[in-house]
*Asks:* 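Input: one structure, supplied below.
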Amino acid sequence: MSTYHAPLSDMQFVLTELADLAQVASLPGFEDATPDTVTAILEEASKFATEVLDPLNATGDREGSKLLPDGTVQTPAGFKAAYKQYAENGWNGLTKPVEYGGQNLPQLVATPVEEMWHAANMAFDLCPLLTQGAIDAIELCATPEQKAKFLPPMVSGAWTGTMNLTEPQAGSDLAAVRTRAVPQGDGSYKLYGQKIFITFGEHDYTDNIVHLVLARTPDAPEGVKGISLFLVPKFLINDDGSLGARNDVRAVSLEHKLGIHASPTAVLAYGDHGGATGYLIGQENRGLEYMFIMMNQARFSVGMEGVGLSERAYQRAVAYARERVQGKAPGAETSAKPGPIIDHPDIRRMLMTMRAYTEAMRAVGYVTAAAIDNARHAPEAADRAQHQAFVDLMIPIVKGWCTETAQEVTYLGVQVHGGMGFIEETGAAQHYRDARIITIYEGTTGIQANDLIGRKTARDGGKTARLVAAQIDKVAAKLASNPDPALNAIGLRLAAATAALQSAIDWIVQTFGSNPRAAHASSVPYLELWGLCAGGWQMGRAAIAATEKLQRGAGDAAFLRAKIATARFYAECLLPQADAYSQSVVGGSASVLAIPAEQL
Ligand SMILES: Cc1cc2nc3c(=O)[nH]c(=O)nc-3n(C[C@H](O)[C@H](O)[C@H](O)COP(=O)(O)OP(=O)(O)OC[C@H]3O[C@@H](n4cnc5c(N)ncnc54)[C@H](O)[C@@H]3O)c2cc1C
């Protein structure tokens, strides 16, 4: 049986060499993020992931969360105790402001920690993940009184947060939200309606749950411009901060799902017994704008779920491939005995694909996290704006590409196990099942791709997209001009991929306004192309950094050589897909739409 061990060497390499932790730590407010502190945090997190969360992953999957007759939810054995330990250890407030009890560490430091939670037990971590986004939305949009009341217990982890958007008729299209919020004249509202698919909408981790709910006030305009954001606690709060009356929001059922069985996905009924008391956050009719604060955080985190699940699937596949003996590898001596499947070249191809994608996704994620920190904390407004533009471009790529790629990685994890991969007891199947949701929630891949072609590419006439592509091209040129054969090979492939990306950007910019149906037909291949090239960019930078470290005699030589070899594999075996994606973007949309809907 494989045990999860956080890939600390790779995490540290990406943090220091690619995401420039030293620069992030020099931003105002981040003085505590010294290399020693960060190393200690990662080591502690790694222990918690391996010793507490990983052992609960399979048992939680088998047992699942249950709705009890009294309307409460029981999470699987061990989860409540693990959450208590998680909160007591201060993990919930890692990036949150000191004034509310947090530690104000950079997103860059929280990102590898989060990756560990996702890898070890994604279902457990969905509750903290949503709480993090709820805290951000309250911090940025709520009144000082609301912040004082709700943030300290949410930051400490004593209360958790949820995100209530979805209704039966309102999924990707939030304009269709119908939940009603009626003002009571005392500053509060009564909410009526039903929300579905609410992650950790009811649970036993904590005494209280703070629901952030999208709803419409009586005279609100139609569509997304008439949606407001409300805070609805499960238990109302007394003036002294203690818990008061039970609010009128209840879990009426839990969904039966393909994966993440330990995470309770609830149907919540608001107002069946007179109305659920809610408090407006910010101004009326600006709810979707506020909810996007929460969603951007959550979209980034869901992308990192893709990284965590991929790493876990990779580690499990390597462990199995070392143990499983089957046949002789091609080229073995005729007298040789059958050996482990890891010696079969095709198994190596699968393991290298899993490894290379995972390392590339990790690097893209952490570099984006560093930009999130700069966008919030850089001293100069112009720098903050430049980083924000990069983050805005990258969020749908991190979410869309890392989650789609995790499908392939976890699929290969099953394949490496052969028939045993299809049998639950090896654990490979669970990663494959758990991964399936991540391309769907927090906006499907189609929705991420719409965002990428519209708001993130066409809206500024391709300016940000072209600037980032030019940065990739610069790295490609540096690699291609290097006499070192590995770097040179990586550079040539990366240059070709970047040229393919640039053609696709030009086409999207030209087509988005004139032929929106064609642009939308090409949106997902465009997103995949972006992810692939961003991954190649970071793997190219990793190869340069590893080569320079080897030349200086710094660091673990075996690790650095493997890094270069993995980057070369990425360039030679995965990056060539860029041309295919680009051709599909530029030349494929007409055939996507060629057959009328009634003939499909
Ligand atoms: C396990 C789980 C947990 C969840 N947790 C939460 C939660 O905590 N809070 C919450 O509010 N919601 C949650 N959701 C809901 C989730 O966010 C939605 O399921 C998701 O946004 C998709 O909406 P939908 O299911 O209605 O699909 P639909 O919107 O009906 O989409 C169906 C298909 O149509 C495509 N599509 C729809 N519109 C477009 C478009 N404009 N362009 C291109 N393609 C389009 C989609 O990509 C998809 O392939 C959860 C869902 C699940 C299954």
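Numbering of residues begins at 1 and proceeds along the displayed sequence. Just so it is clear, the model here is predicted, and its values are computed rather than measured.
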*Asks:* Show your working on side chain to side chain donor-acceptor pair (under 3.5 Å) between N89 and E44 and close with a plain yes or no.
*Replies:* CA-CA 10 Å; N89 290 348; E44 276 308 307; over 6 Å; no

*Asks:* Would you say H431 and T410 are linked by a side-chain donor-acceptor pair, where the criterion is simply a distance under 3.5 Å?
*Replies:* no

*Asks:* Using a strict cut-off of less than 4.0 Å between a Lys/Arg side-chain nitrogen and an Asp/Glu carboxylate oxygen, indicate whether R362 and E311 qualify as a salt bridge.
*Replies:* yes

*Asks:* Do E284 and S228 have side-chain atoms, one donor and one acceptor, less than 3.5 Å apart?
*Replies:* no

*Asks:* Could you tell me whether a side-chain N or O of S523 sits under 3.5 Å from a main-chain N or O of I453, the two making a donor and an acceptor?
*Replies:* no

*Asks:* Donor-acceptor check, side chain of Y192 to backbone of G274, threshold 3.5 angstrom: yes or no?
*Replies:* yes

*Asks:* Please tell me whether T457 and Y526 have a donor and an acceptor in their side chains that are separated by less than 3.5 angstrom.
*Replies:* yes

*Asks:* Any chance you could lay out the side-chain contact (heavy atoms from CB on, under 4.5 Å) test for E442 and L130, step after step, and finish with the verdict?
*Replies:* CA-CA 11 Å; E442 293 308 333; L130 288 160; 3.9 Å; yes

*Asks:* Which residues satisfy the salt bridge (charged side-chain N to carboxylate O under 4.0 Å, His left out) test with E289, sequence neighbours excluded?
*Replies:* R286

*Asks:* Can you say whether the rings of H211 and Y270 are parallel (under 30°), tilted (30 to 60°) or perpendicular (over 60°)?
*Replies:* perpendicular

*Asks:* What I want to find out is whether E202 reaches K234 closely enough, with some N-O distance under 4.0 Å, to be called a salt bridge.
*Replies:* yes

*Asks:* Under a 3.5 Å threshold, yes or no: a donor from one side chain and an acceptor from the other, between Y366 and E115?
*Replies:* yes

*Asks:* Take D61 and R433 through the test salt bridge (Lys or Arg N to Asp or Glu O under 4.0 Å) and record every step on the way to the result.
*Replies:* CA-CA 10 Å; D61 178 58; R433 288 186 288 100; 2.7 Å; yes

*Asks:* Does E31 have more than 12 heavy atoms from other residues, nucleotides or ligands lying within 6.0 Å of its CD?
*Replies:* yes

*Asks:* With a 3.5 Å cut-off and no angle check, do the side chains of H273 and D248 form a donor-acceptor pair?
*Replies:* no

*Asks:* Under the 3.5 angstrom rule, does the side chain of D434 hit a backbone N or O of I260 as a donor-acceptor pair?
*Replies:* yes

*Asks:* Please determine if E145 and K149 form a salt bridge, counting it only when a charged side-chain N lies under 4.0 Å from a carboxylate O.
*Replies:* no

*Asks:* Is the backbone N or O of L214 less than 3.5 Å from a side-chain atom of K195, with the two atoms forming a donor-acceptor pair by type?
*Replies:* yes

*Asks:* For R459, does the CZ atom sit with more than 12 other heavy atoms under 6.0 Å from it, leaving out its own atoms?
*Replies:* no

*Asks:* Looking only at atom types and distance, does a side-chain atom of E63 sit under 3.5 Å from a main-chain N or O of A77, one as donor and one as acceptor?
*Replies:* yes

*Asks:* I want to check something: taking the side chain as every heavy atom from C-beta on, are M116 and L42 in contact at a cut-off of under 4.5 Å?
*Replies:* yes

*Asks:* Hey, mind stepping through K257 and T265 against side chain to side chain donor-acceptor pair (under 3.5 Å) and telling me if it holds?
*Replies:* CA-CA 9 Å; K257 312 190 291 288; T265 307; 3.0 Å; yes

*Asks:* For a quick check under 3.5 Å, do K190 and T277 share a side-chain donor-acceptor pair by atom type?
*Replies:* yes

*Asks:* Side chains of T162 and N164: any donor to acceptor distance under 3.5 Å?
*Replies:* yes

*Asks:* Taking atom types as modelled, is there a side-chain donor on Q103 or D32 under 3.5 Å from an acceptor on the other?
*Replies:* no

*Asks:* In terms of the angle between their ring planes, are F150 and Y279 parallel, tilted or perpendicular, with boundaries placed at 30° and 60°?
*Replies:* tilted

*Asks:* To the nearest 0.5 Å, what is the distance between OG1 on T75 and CG on D204?
*Replies:* 3.5 Å

*Asks:* Could you pull out the closest heavy-atom pair between L527 and P396, with the gap in Å?
*Replies:* CD1-O, 3.6 Å

*Asks:* Side chains of R384 and N374, heavy atoms from C-beta outward: is any pair under 4.5 Å?
*Replies:* no

*Asks:* Under 30°, 30 to 60°, or over 60°: which ring-plane class applies to W91 and W117, parallel, tilted or perpendicular?
*Replies:* perpendicular

*Asks:* Minimum heavy-atom separation for W401 and M361, please, with both atom names.
*Replies:* CZ3-CG, 3.6 Å

*Asks:* Under 3.5 Å, is there a donor-acceptor pair linking the side chains of E114 and S301?
*Replies:* yes

*Asks:* Does the pair R216 and N285 meet the rule for a side-chain contact (heavy atoms from CB on, under 4.5 Å), with working shown?
*Replies:* CA-CA 8 Å; R216 286 181 188 285; N285 301 329; over 6 Å; no

*Asks:* Could you check whether Q107 and T95, counting side-chain N and O atoms only, form a donor-acceptor pair closer than 3.5 Å?
*Replies:* no

*Asks:* Any non-hydrogen side-chain atom of L212 less than 4.5 Å from a side-chain atom of L231?
*Replies:* yes

*Asks:* When you measure from the side chain of N238 to the backbone of L243, do you find a donor-acceptor pair of N or O atoms at a distance under 3.5 Å?
*Replies:* yes

*Asks:* With a 4.5 Å limit on heavy-atom distance, are the side chains of I209 and W159 in contact?
*Replies:* no

*Asks:* Under 3.5 Å, side chain of N247 to main-chain N/O of V249, donor-acceptor pair present?
*Replies:* no

*Asks:* Is the number of heavy atoms from other residues, nucleotides or ligands under 6.0 Å of E222 CD greater than 12?
*Replies:* no

*Asks:* F390 and H387: aromatic ring centres closer than 6.0 Å?
*Replies:* no

*Asks:* Quick check: do H203 and K80 have side-chain heavy atoms less than 4.5 Å from each other?
*Replies:* no

*Asks:* Output, in order, the C-alpha distance, side-chain angles, deciding distance and verdict of side chain to side chain donor-acceptor pair (under 3.5 Å) for T179 and E167.
*Replies:* CA-CA 8 Å; T179 296; E167 298 177 11; 2.7 Å; yes

*Asks:* Quick check: does any side chain N or O of T511 sit under 3.5 Å from a backbone N or O of I508, one acting as donor and the other as acceptor?
*Replies:* no

*Asks:* Do P264 and L67 make a side-chain contact, defined as non-hydrogen atoms from C-beta onward lying under 4.5 Å apart?
*Replies:* no

*Asks:* When the ring centroid of F230 is compared with that of Y189, is the distance short of 6.0 Å?
*Replies:* yes

*Asks:* Verify side chain to side chain donor-acceptor pair (under 3.5 Å) between Y83 and T160, making sure each step is shown before the conclusion.
*Replies:* CA-CA 11 Å; Y83 181 79; T160 65; 6.0 Å; no

*Asks:* Parallel, tilted or perpendicular: which fits the ring planes of F124 and Y205, with parallel below 30° and perpendicular above 60°?
*Replies:* tilted

*Asks:* Any donor and acceptor pair, going by atom type alone, linking the side chain of K456 with main-chain N or O of D392 inside 3.5 Å?
*Replies:* yes

*Asks:* Tell me, with the steps shown, if N104 and L94 meet side-chain contact (heavy atoms from CB on, under 4.5 Å).
*Replies:* CA-CA 6 Å; N104 198 37; L94 222 49; over 6 Å; no

*Asks:* Counting only heavy atoms not in K225, do more than 12 fall under 6.0 Å of its NZ?
*Replies:* no

*Asks:* Quick check: do S263 and C127 have side-chain heavy atoms less than 4.5 Å from each other?
*Replies:* no

*Asks:* Hey, does the side chain of Q146 reach the backbone of I281 with a donor-acceptor pair shorter than 3.5 angstrom?
*Replies:* no

*Asks:* Apply side-chain contact (heavy atoms from CB on, under 4.5 Å) to residues L165 and M295 and explain how you reach the verdict.
*Replies:* CA-CA 10 Å; L165 287 70; M295 285 202 301; 3.5 Å; yes

*Asks:* Is M304 close to T111 at the side-chain level, that is, under 4.5 Å between some pair of heavy atoms?
*Replies:* yes

